Amino acid sequence: METVTDPRNIDQLRSLSLFGNLAAWQLQAVTEVLEPLQVRKGHQLFAAGRDDGYTYFLTGGRIAMEAADGRLRELDVTAEVARTPVANLRPRLYGVKALSKVQGFRVPDLVLQAAGACGNTDEGPEGIRVEDTSEGHQRELEQELGFRLYRDLRDDQAILPSLPDLALRIRKAIEDRSNDARDIARVVETDPAMTAKLVKVANSAFYGGRNPVETCAAAVVRLGTKATQKLVVSFSLREVFSSRRPELQQRMRGLWSHSADMAAYCFVLAHDTRSFDPEEAMLAGLVHDVGTIAILNYTQIIPQLGRDPEALEGTIARLRGELGAMILREWTFPPEIVAAAREAENWERNRQGRADLADLVVVAQWHDRLSRRDTTALPPPDRISALPRLFGKQVTPEISLDLIKTARARIADARTLLAN
């Protein structure tokens, strides 16, 4: 195979692993938004641990790939190397630096997902399935959605949920290191309902000391500023799950209820495994489905998306992860939470090492689905690769279910923290 010299050439693009099985209209969608790259010697393409929402292909030059532990690997961009995305697992396990002038291109992950290519794995499609006419039409609508969102985001016109104002003000107050607990409490106290929630959670069994706290400042001291910020964000997100369109209000309420359940599972699992920050775990569970909100909002602009409820659910299943990741990047959430939203239903995600937040969300999702007896498309437990990473190699489905059963009361208590 010859190295790609013109990525906008559809025949050359088809030679790459991600694009080999795409139809002509899907390839055309990719060529319209791909961005050519010219990286000078000594400059970095991206850093380890980051997720900027793009998939990178290199077509020439020499690079160094550096792992988080400092291990270094130098690589010439041969035809075989150029065939697959570079360092594409998310958050990225490697940073990539140009050792010579490097050529290539990058494609927005959202467009790859909408066009039908898989943008978050290093392997290409494993087979070809012929779509019927209705499926093909729905995929074209998904392509339109992906393009519209990408262009609207680029032009700062995207109809996406915004992080609530109080959450932004708390983040700003905490980033100002001259502020103490009392200063931060004053910001929280501008919202009496939020003040009551913080005092309530500070006195809950998860945080309660010997003596109850009665003021917001005392609650901030007990919780700590970092936990306070994450909890305020979590509590304020309820307003994001809303719509002015009457036909979407019930769906938004159901979406919030499921997200709050997931947040409670993640919060308690983080406490029990002692491998994660519980407040960050709660936040990851709460925002794992935020991409669905964007899709529902855009049915007003692309009404054909919402005319077939079953087809719409298929679109949501395919695109919510990538859309959620895009929204969370806009909110400047950490890469681990971005990855958790993208991978929330990737039951068999292939990764090495310790469990991460995405594993926690996957396990919470699996248990939540079982508790609701919603086993549609749910694989058997021996294929849930996150289970042994989270609970240890000796875990069995029975052990995992017993752990959740034992924690049921505390999950219910955590759920009340997010009650309306």
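Computed from heavy atoms alone, side chains included, the values below leave out hydrogens, waters and symmetry copies. Note that the structure is predicted; figures quoted are calculated from it, not measured.
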Just checking, is any N or O donor in the side chain of Thr332 or Arg171 under 3.5 Å from an acceptor N or O on the other one?
yes

Would Asp191 and Arg169 pass as an ion pair if we require N to O under 4.0 Å?
no

Rounded to the nearest 0.5 Å, how far does CG of Leu305 lie from OH of Tyr298?
11.5 Å

Tell me which one of Val86, Leu34, Val111, Leu18 satisfies side chain to side chain contact (heavy atoms under 4.5 Å, CB included) with Thr55.
Leu18

Shortest non-hydrogen contact between Asp359 and Ala386, atoms and distance:
OD1-CB, 3.4 Å

Any salt bridge linking Glu345 with Arg369? Criterion: basic side-chain nitrogen under 4.0 Å from a carboxylate oxygen.
yes

Quick test of your reading of the model: are Asp69 and Arg71 salt-bridged, counting only N-O distances below 4.0 Å?
yes

Which distance, rounded to the nearest 0.5 Å, do you find between the CG of Leu163 and the CD1 of Ile327?
11.5 Å

Please name the residue in the list Leu27, Leu13, Leu112 that meets the side chain to side chain contact (heavy atoms under 4.5 Å, CB included) test with Leu22.
Leu27

Can we say Arg372 and Asp368 salt-bridge, meaning some charged N sits less than 4.0 Å from an Asp/Glu carboxylate O?
yes

Do Thr31 and Pro7 have side chains that approach each other closer than 4.5 Å (heavy atoms only, starting at C-beta)?
no

Answer yes or no: are there more than 12 heavy-atom neighbours, outside Arg50 itself, under 6.0 Å from its atom CZ?
no

Over all atoms of both residues, closest heavy-atom pair of Ala218 and Val213:
CB-CB, 3.8 Å

Salt bridge check, Lys405 against Asp402: does any charged N sit closer than 4.0 Å to a carboxylate O?
no

Thr195 to Val188 - nearest heavy-atom pair and separation
OG1-O, 3.3 Å

Looking at Gln394, I want to see if its CD is surrounded by more than 12 non-hydrogen atoms of other residues, nucleotides or ligands under 6.0 Å.
no

Of the non-hydrogen atoms in Glu348 and Ser385, which two are nearest, and what is the gap between them?
C-OG, 3.5 Å

Is it the case that more than 12 heavy atoms not belonging to Gln44 sit under 6.0 Å from its CD atom?
yes

Answer yes or no: is there a side-chain heavy-atom contact under 4.5 Å between Ser236 and Met194?
yes

Glu313 and Arg251 ion-paired at < 4.0 Å
yes

Between Tyr207 and Arg222 the two heavy atoms that sit nearest each other are O-CD, 3.4 Å

Hey, are the side chains of Ile293 and Val290 touching, using non-hydrogen atoms and a 4.5 Å cut-off?
yes

Phe105, CZ atom: more than 12 neighbouring heavy atoms under 6.0 Å
yes

Taking all non-hydrogen atoms of both residues into account, name the closest pair between Phe241 and Ser259 and its distance.
CE2-OG, 3.6 Å

Enclosure of Arg182 CZ (heavy-atom neighbours >12, cutoff 6.0 Å):
no

Straight-line distance of Arg238 CZ to Leu286 CG, nearest 0.5 Å
10.0 Å

Pair Phe267-Phe206, ring pair (Phe, Tyr, Trp, His ring centres under 6.0 Å): steps then yes or no
CA-CA 10 Å; Phe267 185 71; Phe206 297 104; 4.9 Å; yes

Measuring from atom NE2 of His367 to atom CD1 of Ile384, what distance do you get when rounded to the nearest 0.5 angstrom?
9.5 Å

Test item: Ile295 and Leu312 side chains (from C-beta on) under 4.5 Å apart, heavy atoms
yes

Could you tell me whether Asp51 and Arg92 have a side-chain N and a carboxylate O separated by less than 4.0 Å?
no

Do Pro334 and Glu280 make a side-chain contact, defined as non-hydrogen atoms from C-beta onward lying under 4.5 Å apart?
yes

Between the side chains of Arg90 and Asn88, does any donor sit under 3.5 Å from an acceptor?
yes

Do Asp52 and Arg329 meet the salt-bridge criterion of a basic N to acidic O distance under 4.0 Å?
no

Donor + acceptor pair across side chains of His43, Gln38 (<3.5 Å)
no

Report yes if the side chains of Leu160 and Leu149 come closer than 4.5 Å at any heavy-atom pair, otherwise no.
yes

How long is the span from the CG atom in Asp356 to the OG atom in Ser275, to the nearest 0.5 Å?
11.0 Å

To the nearest 0.5 Å, atom CG of Leu16 lies from atom OG1 of Thr84 at 9.0 Å

Under a 4.5 Å cut-off applied to non-hydrogen side-chain atoms, are Ile404 and Ile411 in contact?
yes

What do the steps show when you test Asp277 against Lys226 for salt bridge (charged side-chain N to carboxylate O under 4.0 Å, His left out), and what is the final call?
CA-CA 10 Å; Asp277 178 281; Lys226 290 184 178 179; over 6 Å; no

